[in-house]
2 protein chains.
Amino acid sequence: MATKDRKTVMTDKVQVEKIDTSGEIDPGVLSSFIGYAMKRTYMTIHSDFVASLEHLGLRPGTFSALTIIVDNPDISQSQLARALAIERSGVVLIVDHLEDRELIGRHRVPGDRRAYALRATLAGRRLRDAAVEAIRKHEARVLGSLTGSEQATLRNLLARIM
Amino acid sequence: MATKDRKTVMTDKVQVEKIDTSGEIDPGVLSSFIGYAMKRTYMTIHSDFVASLEHLGLRPGTFSALTIIVDNPDISQSQLARALAIERSGVVLIVDHLEDRELIGRHRVPGDRRAYALRATLAGRRLRDAAVEAIRKHEARVLGSLTGSEQATLRNLLARIM
DNA sequence: TATTGTTATACTCTATAACTATA
DNA sequence: TATAGTTATAGAGTATAACAATA
């Protein structure tokens, strides 16, 4: 206990063989949970993902919405909410943002004057494509330590959990 | 608040014919990303994880802090911040909460009057143990579709990404 | 009555910055 | 000067609830 309060010196990485390894934290029971490994890995990947989209002015939510709209022309906001697994009220803000940037348009639906048909603009499709390329590089970077077949195995196992 | 100009944005291709009424949403290029599978799986597991701790009055952040304190008696708030990968200011709130519930105590460090030595109370250790049991059940439930060796493979692959 | 989009509001989580008291 | 803890504040992201227009 009291051996733990050894003052941590600026040497951040040097000497880790002393008795109390100042700063070393035991993950304890956490390391026995697969969910813990999953969270750590997800967080690692996610922060690199966020960084990889930053230069395009996209955040995870805006990218997801944009790419779904590109791949599902004339989708409604309610459908988009379901696809993103968020509330409709949240979709309004995202769609406002994408529309302000002229990446998508709200079009009227012939036959239902309540709903909007969302459609990407040319600029929206181009930005989506640039984002996809950035994400491919991000995945190559982040999954580079796994072979192709290991990546396939991972994808398979992940899919089987859901 | 947001600009609500519903002006029609120009698109190069204009064809407002069929609206997809099937309700089926094409994940499109998203399904080609391993990160997308990872996010979906993580979200699924995470929400079951949150639910599995709710009856104990624990949230992911408070559980993580508690279990790390149990496994690292006399850890400081700064060390805890590093372990949780959040800022020190955020740790204050979590530690306040755990201390208010008398699950941990802030103890003085002989030799450094700036720092606290965090230590779980008996109630804190018991609650942690109950949470661990709840999480084991949660993992059995959520990973039940994978064999033991598949779970080991998954853990291995996840660890190799980081 | 139900659904679509919208607004207002609030809550959680986290970050930044400034501060104090120590070191 | 640097570190530990604290406070105030702000920004995402998301949720709930109520509402108007439309079905």
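On a predicted model such as this, the values are computed, not experimentally measured, just so you know. What you see below is based on every heavy atom in this structure, not just the backbone, and it leaves out hydrogens, waters and symmetry mates. A note on names: the letters A, B, ... follow the listed sequences, proteins ahead of strands, and every chain is numbered from 1.
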Trainee: How many angstroms lie between OG in Ser52(A) and CD1 in Ile45(A), if you round to the nearest 0.5 Å?
Mentor: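 With rounding to 0.5 Å, OG (Ser52(A)) is 11.5 Å from CD1 (Ile45(A)).
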Trainee: Calculate the interatomic distance between Asp112(B) atom CG and dT3(D) atom C1'; express it in whole Å.
Mentor: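 One finds 8 Å between C1' of dT3(D) and CG of Asp112(B), rounded.
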Trainee: Is the phosphate of dT6(D) approached by Arg106(B) (side-chain N or O, under 4.0 Å from OP1 or OP2)?
Mentor: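 It does, given that an N or O in the side chain of Arg106(B) lies less than 4.0 Å from OP1 or OP2 of dT6(D).
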Trainee: Measuring from the side chain of Gln77(A) (C-beta onward, heavy atoms only), which nucleotide among dT16(D), dT6(C), dA21(C) has the closest atom?
Mentor: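 So the side chain of Gln77(A) is nearest to dT6(C).
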Trainee: Between the side chain of Thr67(B) and the main-chain N/O of Phe63(B), is any donor-acceptor distance below 3.5 Å?
Mentor: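 Not at all, since once roles are kept as given, no pair shorter than 3.5 Å links the two residues.
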Trainee: So, does the side chain of Arg114(B) form a donor-acceptor pair with the base of dG5(D) at under 3.5 Å?
Mentor: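 Answer no: no donor N or O sits under 3.5 Å from an acceptor.
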Trainee: Say whether, by atom type as modelled, one donor and one acceptor occur between the side chain of Thr153(A) and the main chain of Ser149(A) under 3.5 angstrom.
Mentor: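 Side chain of Thr153(A) to backbone of Ser149(A): a pair is present.
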Trainee: CG of Leu80(B) versus P of dT6(D): gap in Å, rounded?
Mentor: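 Taking atom P of dT6(D) as the reference, CG of Leu80(B) is at 12 Å.
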Trainee: Anything under 3.5 Å between a protein N or O and an N or O of nucleotides 9-14 of chain D, put it in a table, one pair a line.
Mentor:
{"from": "dG13(D)", "atom 1": "OP1", "to": "Arg59(A)", "atom 2": "NE", "distance (Å)": "3.0"}
{"from": "dG13(D)", "atom 1": "OP1", "to": "Arg59(A)", "atom 2": "NH2", "distance (Å)": "2.8"}

Trainee: Of the listed nucleotides (dA23(C), dG5(C), dT16(C)), which one gets closest to any side-chain atom of Ser78(A)?
Mentor: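 Closest nucleotide to the Ser78(A) side chain: dG5(C).
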Trainee: What contact category does Arg113(B) fall into here, base, sugar-phosphate, or nothing, at under 4.0 angstrom with non-hydrogen atoms?
Mentor: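 Answer is sugar-phosphate: Arg113(B) comes under 4.0 Å of backbone atoms only.
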Trainee: Touch check for Ser76(A), heavy atoms < 4.0 angstrom, all strands: base, sugar-phosphate only, or nothing?
Mentor: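 It contacts sugar-phosphate atoms only.
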Trainee: Side chains of Arg160(B) and Ser145(A): any donor to acceptor distance under 3.5 Å?
Mentor: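 On atom types as modelled, these side chains do not qualify, holding no pair under 3.5 Å.
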Trainee: Indicate yes or no for a side-chain donor-acceptor contact from Glu139(B) to the backbone of Gly35(A) under 3.5 Å, with no hydrogens or angles considered.
Mentor: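 At least one qualifying donor-acceptor pair exists.
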Trainee: Flag yes if Leu158(A) and Tyr42(B) sit in one hydrophobic cluster, no otherwise; membership is Ile, Leu, Val, Met, Phe, Trp, Tyr, and two members link when side-chain heavy atoms are under 4.5 Å apart.
Mentor: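 Linked, Leu158(A) and Tyr42(B) end up in one cluster.
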Trainee: Would you kindly give the CZ-to-C1' distance between Arg82(A) and dG5(C), to the nearest whole Å?
Mentor: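 My rounded result for the distance is 13 Å.
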Trainee: Answer yes or no: are there more than 12 heavy-atom neighbours, outside Arg155(B) itself, under 6.0 Å from its atom CZ?
Mentor: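 Enclosed.
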Trainee: Which of the following nucleotides, dA23(D), dT16(C), dA8(C), is nearest to the side chain of Ser89(A)?
Mentor: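 Nearest nucleotide to the side chain: dA8(C).
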Trainee: Which nucleotide wins on minimum distance to the side chain of Val92(B), given the candidates dT3(D), dT7(C), dT6(D)?
Mentor: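 For the Val92(B) side chain, the nearest candidate turns out to be dT6(D).
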Trainee: Rounded to whole Å, how long is the line connecting atom CZ of Arg88(A) with atom P of dT9(C)?
Mentor: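 Taking atom P of dT9(C) as the reference, CZ of Arg88(A) is at 19 Å.
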Trainee: In whole angstrom, what separates Phe63(B)'s CZ from dC13(C)'s P?
Mentor: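 Going from CZ in Phe63(B) over to P in dC13(C) covers 15 Å.
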Trainee: Please give, in whole Å, the distance from dA4(D) P to Asp74(B) CG?
Mentor: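 So the CG-P distance, Asp74(B) to dA4(D), works out to 16 Å.
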Trainee: For the pair made of CD in Gln79(B) and P in dG5(D), what is the distance, rounded to whole Å?
Mentor: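 Result: 8 Å.
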